2 protein chains.
Amino acid sequence: MSPTETRWLDADQQATWRAFIVGSTLLMDTLDRELRQEHDISLGEYEILVRLSESPDRTLRMAKIAESMRHSRSRVTHTVSRMEKDGLIRRIAATDDKRGVDAIMTDKGWELLQAAAHTHVSGVRAHFVDLADRADYAALGRVMNSVSDQLVAENPTFEDIR
Amino acid sequence: MSPTETRWLDADQQATWRAFIVGSTLLMDTLDRELRQEHDISLGEYEILVRLSESPDRTLRMAKIAESMRHSRSRVTHTVSRMEKDGLIRRIAATDDKRGVDAIMTDKGWELLQAAAHTHVSGVRAHFVDLADRADYAALGRVMNSVSDQLVAENPTFEDIR
DNA sequence: CAGAGATAGTTGACACTTCAACAAAGCGTG
DNA sequence: CACGCTTTGTTGAAGTGTCAACTATCTCTG
């Protein structure tokens, strides 16, 4: 924040940081493209289906979806609207809280998920999980978890605003 | 590819994978927002300025920019067009290859980079580098490097098409 | 229990990315 | 040297994400 002296990254740190940017961009783009090409669904849409599939009655409040993916409510509204148009999800007003809306995975959504899951998991393995040894992979998990924890802790608004 | 049995991820792998998605999304979004708020520039635009600053004469061919960031040519054209309109970059036809176009960072671009670099590096440290111990960070670098290598090797078209 | 403020979700405008089609210039082999 | 093929870069449309404004509902406090 304050314009104190900048602590630059050393060469190693810089290299790792750049590897992270390029690698994660490439990885996400690839997984997204594979899903689109083979099942006409984006990675984001797939992730929503996964979360619904893990919920009782394949149902989840819009807010819960947004929260667990750390996407904005607005983004979830747009995405779910598209998926509803495609017949993958249905929306009904929540019974308890009249402001709320429940997203429910349709049978068509369920079937698509079954098919897409294979593609996705294979991709994640081929392009990511199976490339690293267990220890390195675990280390990566630790780092990414602390990134999330720190950002959420530091900026509590992440829970709601985004 | 072939619909053989799916080798699912175990719980640990799944957790790490999800941490990666959520963490990297959160991280990139945060760094992007910080740059926008404080300097009216996106992370992608910033990255272009960095690359130009590292090149002789602060000049780089459009294709080289696209290649090093692994963005599509089209994306680079659009982004550079916006930056040109903002006076951060100038474009001139390449002298040698008449198809080519050189992007040149202006003084205004250079000054913006100086200011933005502090914000960016501080953010990268605070939200990423300084959170992990050296060993975990190095492991992450190894993983992300093999991700890139594997994807580029497997799909040579990445060099040009994207 | 009234009013203020928080929360859920949607909407529309705008920004950015992708994709396919395209023009212009270089390259390579007969 | 001419033809086809590749490479460079741009364009415009369609898709997706962000942001700010808005409605409706809920909750808390005096």
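These figures come from a predicted structure and were not determined experimentally. Labels below follow one simple rule: chain letters A, B, ... track the order of the sequence lines, proteins then strands, and each chain is numbered from 1.
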Apply salt bridge (charged side-chain N to carboxylate O under 4.0 Å, His left out) to A:Glu47 and A:Arg75, showing your working.
CA-CA 13 Å; A:Glu47 290 281 332; A:Arg75 181 171 178 179; over 6 Å; no

Under 3.5 Å, is there any donor-acceptor pair linking the side chain of A:Thr79 to the base of D:dT16?
no

In Å, rounded to the nearest 0.5 Å, how long is the span from OG of A:Ser148 to NE2 of B:His127?
12.5 Å

From CG (B:Leu112) to CG (B:Leu35), nearest 0.5 Å
9.0 Å

Comparing B:Lys64 and A:Glu45 on DNA chain D - which has the more 5′ nearest nucleotide
B:Lys64

Look at the side-chain N and O atoms of B:Arg73 and state whether any lies under 4.0 Å from the OP1 or OP2 oxygen of C:dT18.
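Indeed not, no polar side-chain atom of B:Arg73 lies that close.
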
In A:Ile48, A:Val50, A:Leu52, A:Leu88, the residue satisfying side-chain contact (heavy atoms from CB on, under 4.5 Å) with A:Leu113 is A:Val50

Using the salt bridge (Lys or Arg N to Asp or Glu O under 4.0 Å) rule, pick out the option among B:Asp136, B:Asp133, B:Asp12 that qualifies with A:Arg142.
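Answer after filtering B:Asp136, B:Asp133, B:Asp12: B:Asp136.
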
Using whole Å, what does the distance between atom C1' of nucleotide D:dT18 and atom CG of B:Asp29 come to?
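It works out to 10 Å between those atoms.
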
Quick check: is B:Phe128 connected to A:Trp8 through a chain of hydrophobic side chains (ILVMFWY, heavy atoms under 4.5 Å apart)?
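Linked within one cluster.
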
A:Tyr137 to B:Val143 - nearest heavy-atom pair and separation
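The answer is N-CG2, 4.5 Å.
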
Which part of the nucleic acid, if any, lies within contact of B:Ser42, taking any heavy atom under 4.0 Å across all strands shown: a base, the sugar-phosphate backbone alone, or nothing?
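No contact.
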
Side chain of A:Thr77: nearest nucleotide among C:dT10, D:dT8, C:dT18?
C:dT10

From D:dT10, C:dT11, D:dC26, pick the nucleotide closest to the side chain of A:Asp97?
D:dC26

So which protein N/O to nucleotides 13-15 of chain C N/O distances come out below 3.5 Å?
none

Identify, residue by residue, the members of residues 98-105 of chain B with a heavy atom below 4.0 Å from DNA chain D, and return them in order of residue number, or none.
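Of all residues in residues 98-105 of chain B, the ones placing a heavy atom under 4.0 Å from DNA chain D are B:Arg99, B:Gly100, B:Val101.
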
